[in-house]
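Report on the following structure.
In listed order, ligands and their atoms are each counted from 1. Below, all heavy atoms of this structure are taken into account, side chains as well, without hydrogens, waters or symmetry copies.
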Amino acid sequence: MKIILFGPPGAGKGTQAKLLIEKYNIVQISTGDMLRDCVAKGTEIGKKVKSIMEKGELVSDDIIISLISDRISEEDCSNGFILDGFPRTITQAQSLDAMFDEREISIDHVLEIDVDFDLLLGRIEKRASENEEARQDDNSSVLSKRLLVYKEQTMPVLSYYQEMNKLKKINGMLNIEDVFKEILNVVESE
Ligand code: ADP
């Protein structure tokens, strides 16, 4: 099973992705986690992306596309995967289509966790205050930037999948279990 999971920062994407990987025995591919790992290890990529991430801006498409292309070729992806945080631009979405064509695979579900934007800032600030190892980019000024970037660069990607009739909206304002139930309804009904 291959799933793309969309949602703005604070929508609960990572939480739902974890529930899905357990249920279907697939892997989670989070470009945010992969990049944070590169930064923590101080790799060449990590050095390039650190300041961009701290500002809440997007890392260049080239870097992301090559990370994803290598990752989906790995053995553990053969049973399926969830893309979490990718594609975030139209260029990334088109490259993903090309990668899939080349490998003769296709995406099964494209899901959008739909939430009220006005409530997100509060949610993330709460997360940042409760967690001692809060992410560098979880503070209100950077979060506002991440939300803006989502609206400007990633919402067009939703339209891209909508036009292909692939996009399914999930109500992300419910509690964690009920959001997961909605996701399962969609995933199991097709
Ligand atoms: P969010 O909680 O905002 O969804 P992520 O953990 O997915 O955050 O990503 C954190 C940061 O990593 C982003 O703000 C961006 O700088 C970078 N990043 C992650 N995925 C991508 C991507 N697909 N394209 C460009 N930049 C990305």
Next on the checklist: When you compare the side chains of D84 and Q28, does any donor N or O come within less than 3.5 Å of an acceptor on the partner?
Outcome noted: yes
Option nearest [atom] (shortest heavy-atom distance, choices [options]):
atom: atom 14 (O) of ligand 1; options: R146, Q153, E54; result: R146
atom: atom 11 (C) of ligand 1; options: Q92, K50, M53; result: M53
atom: atom 4 (O) of ligand 1; options: R36, K55, K13; result: K13

Could you check if a side-chain atom of [X] sits within less than 4.5 angstrom of a side-chain atom of [Y], using non-hydrogen atoms only?
X: F6; Y: K13; result: no
X: V49; Y: I63; result: yes
X: P8; Y: L120; result: yes

Checklist entry - Looking only at heavy atoms, is any part of L35 under 4.0 Å from ligand 1, and if so is it the side chain, the backbone, or both, or is it neither? => result side chain
Among protein heavy atoms, which sits nearest to [atom], and what does the distance come to when rounded to 0.1 Å?
atom: atom 15 (C) of ligand 1; result: E57 O, 3.3 Å
atom: atom 26 (N) of ligand 1; result: V59 N, 3.1 Å
atom: atom 13 (C) of ligand 1; result: R88 NH2, 3.8 Å
atom: atom 20 (N) of ligand 1; result: T31 OG1, 2.8 Å

Item to check | E177 and K181: CA distance, side-chain angles, deciding distance, salt bridge (charged side-chain N to carboxylate O under 4.0 Å, His left out) verdict | outcome: CA-CA 6 Å; E177 293 87 66; K181 272 188 207 153; over 6 Å; no
Checklist entry - Taking NZ, NE, NH1 and NH2 as the nitrogens, is one of them in E54 or K50 under 4.0 Å from a carboxylate oxygen of the other? => result yes
Checklist entry - Taking 4.0 angstrom as the limit, do D76 and R71 come out as a salt bridge? => result yes
Checklist entry - Has ligand 1 got any nitrogen or oxygen that is less than 3.5 angstrom from a nitrogen or oxygen of P8? => result no
